[in-house]
Amino acid sequence: MVIKVAVNGIGTIGKRVAHAIKLQDDMKLVAIADVAATSWLRTVLEPEGPLYKTDLYASNKEGLEAMRNAGMFVNGLLEDLLASKKVDVVVDCTPGGIGAKNKAMYEKYGVKAVYQGGEEANVAEVSFVAIANYEKALNANSVRVVSCNTTSLARTLYALDKNFGIEEVLAVLVRRATDPWDEKPGPINAVVPEVHIPSHQGPDLQTVLPHINITTMACKVPSTLAHTHFVSGQLKRKASLDEIKNALEKTGRIVLLKASHGYTATSRIIERYRDLCRPRYDMYEVAIWDESITVKDKKFYWIHAVHSEAIVIPENIDAIRAITGIEKDKFKSIEKTNKSLGIKC
Ligand code: NAD
């Protein structure tokens, strides 16, 4: 069986998800949809672009007019495509809050939906991170792939919790200001704290792992490449440094990089993925600085980096398999996705 998928919203996340769907042998990208003739939409549809010859639809009537007026070939309205029963799953990658507005349309036509982390948790039946709760999403009608920050916390904390139990966690998030392509938002010369504690990522993590006692604090800084998290906490049972590193590595989609090997900053880590010739230098893994992993009795500490544009892409692919039930075993789905994206861990 091949799952027929449409992606709505071809921006930072949507263009990557659509590209990743094309790499799967059990999925077919039947359409993409947007509301604006953006430079990135034009680029991915060019003959050398990753989405060349993909059918383009408009997400609403204004978008149809706008894109046609801008000279783009648009097949019609996404809603008409959904009504024609040619789509099994829509991956909604529209800006935060729009997915919730689209929900009624997806439900009307009985199309399953994958939403993104910019939506409230109640948009979907399950908030999803593959390794942590794939089973919960099996055959659901909708899932929300949580944000980039929450995905990184869920993968790493799941690893420790499963192996040793977690008593409590404090994570301090130093967030990139915006995505590298985006010239508009700042800050350009300020550190902007999120003064409400816990910041929203802690409660968001609990939508995936409800029993983890976590507090998060966050700020935005003038950097665009990656978020950096300072994570500390207490385990339920003692573990050695080697046991903790082993648990993190064997969980998957987590890579330990050494500052002593030259990976001294987020820029050096991102450069690694440029040099590995990953598409768009995407780092799908959480990168933990190896030397930062520290254990004192039951206390643990580490620092990790998150490539915000890329980390949720493999989760979106696994989410499609989970909600359609085409693969019931999370490890098989994860392995298949990893192989298609060149993830070695
Ligand atoms: P984006 O702004 O890069 O792209 C959004 C795309 O949707 C654009 O192409 C825009 O033209 C299109 N769009 C706008 N209104 C639309 C509508 N009504 N219908 C269809 N398309 C519409 O946004 P993004 O960064 O890709 O974010 C998408 C979702 O992914 C959000 O929920 C966001 O929180 C989440 N997310 C973003 C990142 C990140 O780093 N950018 C990381 C993880 C999760």
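Model, not experiment: these values are computed from the prediction.
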>> I'd like to know whether CE of M217 has more than 12 heavy-atom contacts from other residues, nucleotides or ligands below 6.0 angstrom.
In response: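 Check fails, neighbour count at 12 or below.
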
>> Just by distance, no angles: are the side chains of E291 and S260 close enough, under 3.5 Å, to form a donor-acceptor pair?
In response: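 Looking only at side-chain atoms, S260 and E291 do form a donor-acceptor pair, the distance falling under 3.5 Å.
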
> Looking at residues at least two apart in the chain, or sitting in another chain, which of them share a side chain to side chain donor-acceptor pair (under 3.5 Å) with D55?
Replying inline: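 D55 satisfies side chain to side chain donor-acceptor pair (under 3.5 Å) with no other residue.
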
> Nearest heavy-atom pair of P279 and H19: which atoms, and what distance?
Replying inline: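 Heavy atoms of P279 and H19 come nearest at CB-CE1, 4.5 Å.
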
>> Which residue in the set L209, L205, V306, T207 passes side chain to side chain contact (heavy atoms under 4.5 Å, CB included) when paired with T150?
In response: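 By the side chain to side chain contact (heavy atoms under 4.5 Å, CB included) criterion, T150 pairs with just one of L209, L205, V306, T207: L205.
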
>> If we count only N and O atoms by modelled type, under 3.5 Å, do the side chains of Q116 and N316 hold a donor and an acceptor together?
In response: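 Yes, N316 and Q116 have a side-chain donor paired with an acceptor closer than 3.5 Å.
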
>> Does atom CD (E135) have a neighbourhood of more than 12 heavy atoms from anything else shown, all under 6.0 Å?
In response: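 Enclosed.
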
>> Which label fits W302 and F300: parallel for a plane angle under 30°, tilted from 30 to 60°, or perpendicular past 60°?
In response: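 The rings of W302 and F300 lie parallel, inter-plane angle below 30°.
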
>> Determine whether a donor-acceptor pair (N or O, by modelled atom type, separation under 3.5 Å) exists between the side chain of R155 and the backbone of R253.
In response: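 Indeed, once roles are kept as given, a pair shorter than 3.5 Å links the two residues.
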
> Looking at Y115, is R144 sitting on its ring face, NZ or CZ under 6.0 Å from the six-membered ring centre and within 45 degrees of the normal?
Replying inline: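 The answer is no; the distance or angle limit is not met.
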
> Nearest 0.5 Å, what's the OH-OH distance between Y273 and Y284?
Replying inline: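 One gets 11.0 Å once the value is rounded to the nearest 0.5 Å.
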
> Is there a donor-acceptor pair closer than 3.5 Å between any side-chain N or O of E243 and the backbone N or O of S240?
Replying inline: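 Judged by distance alone, yes, a pair lies under 3.5 Å.
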
> Of the options K258, R272, R268, which is the one that meets Y263 in a side chain to side chain donor-acceptor pair (under 3.5 Å)?
Replying inline: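 For Y263, the side chain to side chain donor-acceptor pair (under 3.5 Å) check succeeds only for R272.
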
> For the side chain of Q206 and the backbone of N213, is there at least one donor-acceptor N/O pair under 3.5 Å apart?
Replying inline: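 Looks like no, no N/O pair under 3.5 Å.
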
> Any chance the side chains of T228 and H304 put a donor and an acceptor closer than 3.5 Å?
Replying inline: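 Judged by distance alone, the side chains do not pair up.
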
> Counting distance only, does the side-chain N/O of K112 pair as donor-acceptor with the main-chain N or O of I323 below 3.5 Å?
Replying inline: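 Checked: pair present.
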
>> Testing the 3.5 Å rule here: is there a donor-acceptor pair between the side chains of Y106 and D92?
In response: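 On atom types as modelled, these side chains qualify, holding a pair under 3.5 Å.
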
> Does a side chain donor of either R176 or S223 reach within less than 3.5 Å of an acceptor in the other side chain?
Replying inline: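 Judged by distance alone, the side chains do not pair up.
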
> Will you find, in the side chains of T337 and D318, an N or O donor that is under 3.5 Å from an N or O acceptor?
Replying inline: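 Yes, because at least one side-chain N or O of T337 sits under 3.5 Å from a partner of the opposite role on D318.
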
>> Quick one about D161 and H211 (side-chain donor to acceptor, distance below 3.5 Å, no hydrogens or angles considered), yes or no?
In response: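 Result is yes, a qualifying pair exists.
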
> From D329 CG over to E335 CD, what is the distance, rounded to the nearest 0.5 angstrom?
Replying inline: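 With rounding to 0.5 Å, CG (D329) is 9.0 Å from CD (E335).
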
>> Regarding E309 and H307, do their side chains bring together a donor and an acceptor under 3.5 Å, going by distance alone?
In response: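 Looking only at side-chain atoms, H307 and E309 do form a donor-acceptor pair, the distance falling under 3.5 Å.
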
>> Once rounded to the nearest 0.5 Å, what's the spacing between atom CD1 of I10 and atom OG1 of T54?
In response: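 Taking CD1 in I10 and OG1 in T54, the distance rounds to 8.5 Å.
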
> Hey, is the main chain of L56 close enough, under 3.5 Å, to the side chain of N75 for a donor-acceptor pair?
Replying inline: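 Here the side-chain-to-backbone pair exists.
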
>> Distance check, rounded to the nearest 0.5 Å: N139 atom CG versus T324 atom OG1?
In response: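 Going from CG on N139 over to OG1 on T324, the span is 8.0 Å.
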
Could you pull out all donor-acceptor pairs under 3.5 Å where a side-chain atom in residues 83-90 meets a protein atom, sequence neighbours excluded?
{"residue": "S84", "atom": "OG", "partner": "L81", "partner atom": "O", "Å": "2.5"}
{"residue": "K85", "atom": "NZ", "partner": "Y109", "partner atom": "O", "Å": "3.0"}
{"residue": "D88", "atom": "OD2", "partner": "K4", "partner atom": "N", "Å": "2.8"}

>> Tell me whether E120 at atom CD has more than 12 heavy atoms from other residues, nucleotides or ligands lying less than 6.0 Å away.
In response: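 No - once you tally the heavy atoms of other residues, nucleotides and ligands closer than 6.0 Å, there are 12 at most.
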
> Thinking salt bridges, do E79 and K108 make one under a 4.0 Å N-O criterion?
Replying inline: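 Salt bridge: yes.
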
